[in-house]
Amino acid sequence: MSLGYAEKLSFIEDVGKVGMTEHFDPPNVLQEKVERLATLIRKSKHLVVFTGAGISTSCGIPDFRGPKGIWTLQREGKALPEASLPFHRAMPSLTHMGLVELERAGILKFVISQNVDGLHLRSGIPREKLAELHGNSFMETCPSCGAEYLRDFEVETIGLKETSRRCSAKKCGAKLKDTVLDWEDALPTKEMNLAEKHCRMADIVLCLGTSLQITPACNLPLKSLRGGGKIVIINLQKTPKDKKASLVIHGLVDKVVSGAMKSLNLQIPPFVRIDLFQINLTHALSLDKKFVNWTLRVASVHGQKAPLPFIKSVEISFLDREDYKAANLEKEPFQLKRRTVQSKSFEMVLKLNFSDGCGCPSIEMNIPVDFTVPTDCFNLEKNAILQELRETAIEESCCGQNAVIERRVVLNPKCEETVYAVVTNIVRHSKTTKVSETDSLSNGNVKRRLANRSETSRKRSKGHKRKSLS
């Protein structure tokens, strides 16, 4: 069973007393250390990065032990931060994108993360080069075939429980489970084995934004020492592993990574977020075959009952058809039912109004409809289309670009399903060390994730048990 509410609060209070004081290296010392870090990275043959909550604070996600961390504020009896940015709209930081560039350059071989914010995957780190020790708030997995599903919404459960969706793999259909560990869950064997393997192979383990106090995860970097590897720690608080490190840097992670990337002559790529949605048009002839009863629905690609968090409302109007009444759909499901003459074609204009956290307020799309013409089905090269959208967004320095990826027809009832991709954010990180800040998460989201976020304190009942917490 999970810890009771009182036990959790007591446990958080005890852990929150450890290592809250922040330390900053003097500018001249920091610069010298950044140059040393760049040299180590340049010479590395097998670089492994180990990340904690500190790399996501500039994304608006609070850490735990910093002056404004969750446990610090709770211990002091202060309110948790209030803001408008939803958790699902958090964007990768400069550090996240710097790691992406190091991986693309062939320098970074593996990332081990204690965070559940999903930002490493969203930033572009390949799944096979990432171990998420505590799970991912946006990931579901199939216990039967092992398929993984990255969602654009926060999965509703934690503790490896069944969710409301099923595996879509052929000949499977098993109920999916969330991947975020609860208090009593053991660390995932597959992720731990990969993490241990790469730490043993590493000549450098770079620890970013972690207080290195959760066991057994905090001992992973030490495994590199046996093979002659070195540990580098970048964190504002002191850690229990500082004495084992070849280099300890007390500074903002984004600032340090920015300086190191500049010394390595590597550019930090912009982040482009692309979201998917589908437009479903279900229709059937009336009994006299003169009219068509149809339903238009703007829906999630993750299932009919899945939320569509980045769309706030949908406005529908009709070109050159004054006899067709416009509609404003203000809440999910975004659905419009109409009856029109079967022989007459028309064109709808859909205005999708985006939710808070998106980089543009809305987009407009024209949808031609002709029920007398058969619908063509196609499945385009998804990755090529997404890459073209990214390149266009970067070139134009704006978002809102969209494209069709797939169209299919479902029978009984007849339904045309068209999948679209749309650019909803583009984030460029300055060449200087100054990074634009993102709004913090809402208070409700922070409270809800006290037991499932990043470096949370959890007692393990079996497997890889954690003794102390970060």
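Below, each value reflects all heavy atoms present in this structure, side chains not excepted, and no hydrogens, waters or symmetry copies.
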Taking atom types as modelled, is there a side-chain donor on R297 or Q278 under 3.5 Å from an acceptor on the other? no
Less than 3.5 Å apart, any donor N or O on the side chain of D203 or S44 sitting next to an acceptor on the other? yes
Return each pair, listed once, that meets salt bridge (charged side-chain N to carboxylate O under 4.0 Å, His left out) where at least one residue sits in residues 215-232; pairs must be two or more places apart or across chains. none
Got a salt bridge between E406 and R408, using NZ or NE/NH1/NH2 to carboxylate O under 4.0 Å? yes
Indicate whether the side chain of T295 and that of T282 have a donor and an acceptor atom separated by less than 3.5 Å. no
Counting only N and O atoms by type, is there a donor-acceptor contact under 3.5 Å from the side chain of R127 to the main-chain atoms of L130? yes
What pairs with K305 under side-chain contact (heavy atoms from CB on, under 4.5 Å), at least two apart in sequence or on another chain? none
Rounded to the nearest 0.5 Å, what's the gap from CG on L187 to CD1 on I214? Could you check? 8.5 Å
Who passes salt bridge (charged side-chain N to carboxylate O under 4.0 Å, His left out) against R200, sequence neighbours left out? none
Rounded to the nearest 0.5 Å, what separation is found between the NZ atom of K161 and the NZ atom of K175? 15.0 Å
Once salt bridge (charged side-chain N to carboxylate O under 4.0 Å, His left out) is applied, what residue pairs with a partner in residues 103-112 remain, sequence neighbours excluded? E103-K129
Tell me, please, which residues at least two apart from Y420 pass ring-ring contact (aromatic ring centres under 6.0 Å, His included). F277
Establish, from distance only, whether the side-chain atoms of E330 and N328 form a donor-acceptor pair under 3.5 Å. yes
Excluding sequence neighbours, so at least two apart, what forms ring-ring contact (aromatic ring centres under 6.0 Å, His included) with Y324? F318, F346
Looking at W294, is its backbone amide N or carbonyl O close enough to the side chain of R338 to form a donor-acceptor pair, meaning the two atoms are under 3.5 Å apart? no
Within the 3.5 Å criterion, strictly below it, is a donor on H96 or S93 matched to an acceptor on the partner's side chain? yes
Between A217 and F50, what is the shortest heavy-atom contact and its length? O-CZ, 3.4 Å
For S168, is there any backbone N or O sitting under 3.5 Å from a side-chain donor or acceptor partner on Y149? yes
Please confirm whether the backbone N or O of A53 pairs with a side-chain atom of N115, one donor and one acceptor, at under 3.5 Å? yes
Side chains of S246 and R36: do they bring a donor and an acceptor to under 3.5 Å? no
With sequence neighbours excluded, residues passing ring-ring contact (aromatic ring centres under 6.0 Å, His included) with F110: H198
Is the shortest side-chain heavy-atom distance between L121 and E132 below 4.5 Å? yes
Residues that F138 engages under ring-ring contact (aromatic ring centres under 6.0 Å, His included), provided they are two or more places apart: F87
Go through the side-chain N and O atoms of N353 and E315 and say whether any donor and acceptor fall under 3.5 Å apart. yes
Under a 3.5 Å distance rule, please check whether Q401 uses its side chain to pair with a backbone N or O of C398 as donor and acceptor. yes
Do T141 and E148 have a side chain donor and acceptor closer than 3.5 Å? no
Using only atom types and a distance under 3.5 Å, with no angle test, would you say the side chain of N425 pairs donor to acceptor with the backbone of V272? no
For the residue pair T179 and N136, confirm or rule out a side-chain donor-acceptor distance under 3.5 Å. no
Does one side chain, of K241 or N219, offer a donor that lies under 3.5 Å from an acceptor on the other? yes
Using a strict cut-off of less than 4.0 Å between a Lys/Arg side-chain nitrogen and an Asp/Glu carboxylate oxygen, indicate whether R165 and E140 qualify as a salt bridge. yes
Applying ring-ring contact (aromatic ring centres under 6.0 Å, His included) as the test, list every pair that has at least one member in residues 381-414; sequence neighbours left out. none
Between CD1 of I274 and CG of L386, what distance do you get to the nearest 0.5 Å? 5.0 Å
Hey, is the main chain of L119 close enough, under 3.5 Å, to the side chain of S123 for a donor-acceptor pair? yes
Sorted by chain and residue number, the side-chain contact (heavy atoms from CB on, under 4.5 Å) partners of P143 (sequence neighbours excluded) come out as K177
Does a donor on one side chain and an acceptor on the other come within less than 3.5 Å for Q267 and E101? no
Could you grab the distance from atom CG of L94 to atom CD1 of I55, nearest 0.5 Å is fine? 11.0 Å
How long is the span from the NE2 atom in H88 to the CG atom in D275, to the nearest 0.5 Å? 9.5 Å
Just checking, is any N or O donor in the side chain of E35 or S263 under 3.5 Å from an acceptor N or O on the other one? yes
Going by distance alone, is a donor N or O of one side chain under 3.5 Å from an acceptor N or O of the other, for S164 and E156? yes
What is the distance from atom CG of L296 to atom CG of L350, rounded to the nearest 0.5 Å? 5.5 Å
side-chain contact (heavy atoms from CB on, under 4.5 Å) filter on E391, not counting sequence neighbours, yields Q387
Flag the pair E128 and K190 as a salt bridge only when some basic side-chain nitrogen lies within less than 4.0 angstrom of an acidic carboxylate oxygen. no
Of all heavy-atom pairs linking N366 and P368, the shortest is O-CD, 3.6 Å
In chain order, what residues pass the side-chain contact (heavy atoms from CB on, under 4.5 Å) check against S397, with sequence neighbours excluded? R428
Could you check whether any side-chain N or O of D182 sits under 3.5 Å from a backbone N or O of E184, counting only pairs where one atom can act as donor and the other as acceptor? no
When you measure from the side chain of K414 to the backbone of L411, do you find a donor-acceptor pair of N or O atoms at a distance under 3.5 Å? no
